[in-house]
Amino acid sequence: MSALNTRVSLLALACAVSSYSAMAEDSSLTNPNISAVLDGYYQTGDRPLAERAEGFGLGETELALSANIDEMFYGKVTAVVESHDGETELNLEEAFIQTLALPNGLSVRAGRFLSDVGYLNNQHKHTDAFTERPAAYRAFLGGHYFDDGVRLSYVAPTDVYWTMGVEAFKGDSMRAADEHGERDFDDVGVFSALTKIGGDIGIESSWQLGLSYLRNENGLAYAEEHEDEEETDDEHEEHSHSASYTGENTYVADFVYKWAPNGNYKYQNLTVSGEYFRVTDIFGEEPGHDDDAGDVDDHDHEFSGDDYHEGWYLSSVYQFSPSWSAGVRYGQVDTYEIHEDHLDPQKLKETELSVAWHSSHFSTVRLQYTHQEGTNFDGFEDDNIVTLQYVMSLGAHGAHQF
């Protein structure tokens with residue numbers, strides 16, 4: 001019996017060594033990618049709906065761990081450390097698994113991850129060419145929308161790149177305001193459908209077009225009595241990744257065009273991109289609510305089923321040498337804020353100019369000028385803001401999105 005046990009133990013040890021050796025052949029199974037991103041800045045003023053405040057501050061410090069779990073699954077965890085008003089916050093931005101071997105171009109991602117709606121949203125903010133996301137993103141997606149859920153995506157076997165996907169999310173950060181905590185929200189509140197198609201034009205140019213639809217079951221806002229205006233203002237100013245303006249239906253159209261001499265992006269390249277957002281069905285009438293809005297001021301707006309939020313931006317970034325790039329972006333949002341029995345129209349316009357020095361692929365120092373014009377945004381006036389930012393990456397760093 002002792003000899004038999006010895007043979008069994010040796011066989012188990014040999015199997016274990018063989019299994020470990022097989023795993024060692026794939027370095028991604030034994031050596032996960034570990035990275036960190038440092039983001040710091042100085043800014044001369046405040047911007048509506050933005051995360052960066054006036055003065056010295058830290059943006060998102062990102063810590064990421066990713067690897068192939070085995071031949072069937074990939075996994076990633078991304079934690080973000082932020083500092084606001086003297087307090088440090090730790091957020092888990094990504095914690096997902098993704099299939100690697102489903103047939104017919106299918107893939108499933110589950111856990112917490114960035115939604116694939118729009119062009120910028122599935123990209124980490126440290127890859128942006130400007131210090132903040134466009135105002136439309138800050139207003140309608142909380143800067144960048146990540147959530148707990150599941151995605152099914154499909155890449156079609158066509159000559160051009162064509163992908164489609166559907167997503168379902170918990171949707172907490174996309175819920176409309178509930179000042180009195182009386183609303184019964186759906187547990188699965190957000191559903192999205194999207195498609196993207198793209199291709200090459202010769203060897204120097206490439207393009208991509210995208211359409212996205214996001215259904216927010218908890219997005220309707222209601223007119224409520226504002227009994228404590230001071231408390232409401234405090235809540236409005238509190239830092240949050242939640243969307244500031246919601247509705248039941250959000251439509252997004254996006255495009256991007258890229259050019260590089262002879263297809264070599266290392267020395268020179270141009271990127272032109274833009275997105276348009278339209279958020280409809282933005283308010284509802286509560287049972288028993290008197291829909292007679294009565295007399296309103298000239299600057300106020302009575303409720304209408306045709307009201308909607310919208311926003312857009314157009315961006316161009318040119319890297320004119322391996323170490324220098326410059327960008328220009330214009331964007332605006334037109335929104336409504338519900339105030340008791342009427343809607344207050346709001347408008348924000350932003351013109352941004354950016355110059356960045358890249359010592360390498362892993363380090364960027366950026367100087368940006370922003371001219372903002374706002375209407376009916378409490379506490380903000382037309383202003384000119386200068387931001388000096390650094391973004392530094394440590395460790396393994398994956399390829400950026402198209």
Side-chain angles (χ1 to χ4, degrees), residues 36-62 119-120 123-138 143-144 204-206 254-262 264-275 311-333 348-374 380 382-394 397 399-402:
V37 177
L38 308 178
D39 181 349
Y41 70 91
Y42 175 78
Q43 186 164 282
T44 62
D46 291 324
R47 301 171 63 180
L49 311 173
E51 296 184 0
R52 300 180 192 272
E54 182 177 3
F56 289 104
L58 292 176
E60 292 188 349
T61 297
E62 178 184 295
Y119 172 59
L120 288 177
Q123 305 178 40
H124 290 278
K125 293 198 292 185
H126 66 83
T127 66
D128 291 359
F130 298 87
T131 60
E132 290 275 6
R133 284 281 158 96
Y137 268 86
R138 305 190 321 256
H144 60 316
E204 295 189 339
S205 301
S206 55
D254 63 87
F255 81 92
V256 59
Y257 167 81
K258 294 191 175 185
W259 169 87
N262 299 316
N264 186 348
Y265 284 81
K266 179 178 181 180
Y267 299 103
Q268 285 181 291
N269 63 78
L270 172 69
T271 300
V272 179
S273 61
E275 297 185 67
W312 62 275
Y313 75 89
L314 181 62
S315 168
S316 178
V317 179
Y318 178 51
Q319 180 176 319
F320 50 88
S321 77
S323 299
W324 290 93
S325 65
V328 57
R329 184 173 72 187
Y330 176 83
Q332 71 177 55
V333 291
L348 175 63
K349 300 178 181 180
E350 291 180 332
T351 303
E352 299 163 289
L353 303 174
S354 171
V355 176
W357 174 63
H358 316 277
S359 174
S360 69
H361 181 67
F362 301 97
S363 63
T364 297
V365 178
R366 178 176 292 113
L367 179 65
Q368 179 172 313
Y369 164 79
T370 302
H371 175 68
Q372 65 183 29
E373 300 179 22
F380 293 95
D382 296 354
D383 201 359
N384 298 301
I385 298 172
V386 176
T387 307
L388 181 62
Q389 176 197 26
Y390 65 79
V391 179
M392 306 286 171
S393 300
L394 292 74
H397 189 62
H400 293 169
Q401 300 282 348
F402 175 78

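Summarising the geometry, atom NE2 belonging to H144 is positioned 8.0 Å from atom NE2 belonging to H124; distances are rounded to the nearest 0.5 Å. Between the OH atom in Y369 and the OG1 atom in T44 there is a gap of 10.0 Å [rounded to 0.5 Å]. For the atom pair CG (D46) and CG (D383), the distance works out to 9.0 Å, reported to the nearest 0.5 Å. Going from atom CG of L388 over to atom CD of Q368 covers 11.0 Å, rounded to the nearest 0.5 Å.
The existence of a salt bridge linking K125 and E60 is confirmed by a sub-4.0 Å separation between a basic side-chain nitrogen and an acidic carboxylate oxygen.
Side-chain atoms of M392 and V365, non-hydrogen and from C-beta on, do get closer than 4.5 Å to each other. Side-chain contact between L348 and R138: present, with at least one pair of heavy atoms (C-beta onward) separated by less than 4.5 Å. Counting heavy atoms from C-beta outward, F255 and L314 have side chains that approach closer than 4.5 Å. Put simply, the side chain of T370 does not reach to within 4.5 Å of the side chain of F130, judged on heavy atoms. K349 places a side-chain heavy atom less than 4.5 Å from the side chain of Y330.
For A135 against L49, the heavy-atom pair with the smallest separation is O-CD1, 4.4 Å. Residue W312 comes nearest to A136 through the heavy atom pair N-CB, 4.2 Å, listed as atom of the first residue, atom of the second, then distance. Contact detail for A129 and V317: the closest heavy-atom pair is CB-CG2, 3.6 Å. Between S316 and L270, the shortest heavy-atom distance links the atoms OG-CD1, 3.6 Å. The minimum heavy-atom distance between G40 and L58, with the atom names listed, is CA-CD2, 4.3 Å. Residues V37 and S393 come closest through the heavy atom pair CG2-OG, 3.9 Å.
With sequence neighbours excluded, no residue forms a ring pair (Phe, Tyr, Trp, His ring centres under 6.0 Å) with W259. With sequence neighbours excluded, the residues satisfying side chain to side chain contact (heavy atoms under 4.5 Å, CB included) with A356 are S325, H358, T364, R366. Among residues two or more places apart in sequence or in another chain, the side chain to side chain contact (heavy atoms under 4.5 Å, CB included) test is passed with Q123 by Y119, L120, T127, R133, Q401. Every residue was checked against the ring pair (Phe, Tyr, Trp, His ring centres under 6.0 Å) condition with Y313, not counting sequence neighbours, and none meets it. In terms of the side chain to side chain donor-acceptor pair (under 3.5 Å) criterion, D254 has no residue partners (sequence neighbours excluded). The side chain to side chain contact (heavy atoms under 4.5 Å, CB included) check on F320 picks up Y318, W324, A326, with sequence neighbours excluded.
Side-chain N/O atoms of S354 and E352 include no donor and acceptor closer than 3.5 Å. In this model, no donor atom of one side chain and acceptor atom of the other lie less than 3.5 Å apart for Q389 and T131.
In terms of modelled atom types and a separation under 3.5 Å, the side chain of D382 and the main chain of G374 share a donor-acceptor contact. Counting only distance, with no hydrogens or angles, the side chain of Y267 and the backbone of Q319 share no donor-acceptor pair below 3.5 Å. A donor-acceptor contact shorter than 3.5 Å links the side chain of E132 to the backbone of E51.
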Evaluate side chain to side chain contact (heavy atoms under 4.5 Å, CB included) for R52 paired with D39, printing each intermediate quantity in order. CA-CA 11 Å; R52 300 180 192 272; D39 181 349; 2.8 Å; yes
Hey, mind stepping through Y390 and W357 against ring pair (Phe, Tyr, Trp, His ring centres under 6.0 Å) and telling me if it holds? CA-CA 10 Å; Y390 65 79; W357 174 63; over 10 Å; no
Taking it one step at a time, do Q372 and I385 satisfy side chain to side chain contact (heavy atoms under 4.5 Å, CB included)? CA-CA 8 Å; Q372 65 183 29; I385 298 172; 3.7 Å; yes
For N262 and E204: C-alpha separation, side-chain torsions, deciding distance, then whether side chain to side chain contact (heavy atoms under 4.5 Å, CB included) applies. CA-CA 5 Å; N262 299 316; E204 295 189 339; 3.8 Å; yes
